[in-house]
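Report on the structure given below.
What you see below is based on every heavy atom in this structure, not just the backbone, and it leaves out hydrogens, waters and symmetry mates.
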Amino acid sequence: MSQQQSPDNVSIDEIPVDIDNTQSAEVDSADVPHEIESITRGLAGEQPPTNPLVVLKAARWWYIHGKGGTDPAFQWAIEWTRHLATDTPSDVERFDKFLEYLVEVGFADERHELR
């Protein structure tokens, strides 16, 4: 059970956390782990994930590696989790900011490519 971890790269449930790049506010799509990219793209798709734990896993990664609490991907993941837990409508403006951010990060060239 003991796993060697260097002080600048730790792992939480097998998703790497790069300490040197925490809250750098500059995320490159090439730096996003495949699982997190898949969940994030799913949140922008027609059939987003319905398991709040999966969504929160992506939220955590974006919080740590993005802009912290102001990161649009983090904020949308939290908003979607709230929607799943309470069955209340989600914030359309927050979703629009999330889609714009995914284009900014490099997941798509244009917003319409995400759906």
If only atom types and distance count, is the side chain of [X] paired as donor or acceptor with the main-chain N or O of [Y] below 3.5 Å?
X     : Y     : answer
Thr81 : Ala77 : yes
Glu79 : Arg94 : no
Trp80 : Pro49 : yes

Measuring from Asp31:CG to His65:NE2, what's the distance to the nearest 0.5 Å?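 The distance works out to 9.0 Å.
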Which heavy atom in [X] sits nearest to a heavy atom in [Y], and how many Å separate them?
X     : Y     : result
Thr70 : Gln75 : CA-NE2, 3.5 Å
Ala59 : Ile78 : CB-CD1, 4.0 Å
Ala58 : Thr40 : CB-OG1, 4.3 Å

Heavy-atom side-chain contact between Ser90 and Phe95 under 4.5 Å: no
Given side chains that start at C-beta, do those of Leu56 and Arg60 come closer than 4.5 Å, heavy atoms only?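 Not touching, per the 4.5 Å side-chain cut-off.
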Would you sort out whether Val32 and Phe107 count as a side chain to side chain contact (heavy atoms under 4.5 Å, CB included), showing the intermediate values? CA-CA 10 Å; Val32 180; Phe107 280 6; 4.0 Å; yes
side-chain contact (heavy atoms from CB on, under 4.5 Å) with Ala73: which residues, sequence neighbours excluded?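 For Ala73 the side-chain contact (heavy atoms from CB on, under 4.5 Å) partners, ignoring immediate neighbours, are Trp62, Asp71, Phe98, Tyr101.
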My understanding is that only residues two or more places apart in sequence, or in another chain, count here; which of them pass side-chain hydrogen bond (donor to acceptor under 3.5 Å, both in side chains) with Glu37?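 Residues passing side-chain hydrogen bond (donor to acceptor under 3.5 Å, both in side chains) with Glu37: Arg41.
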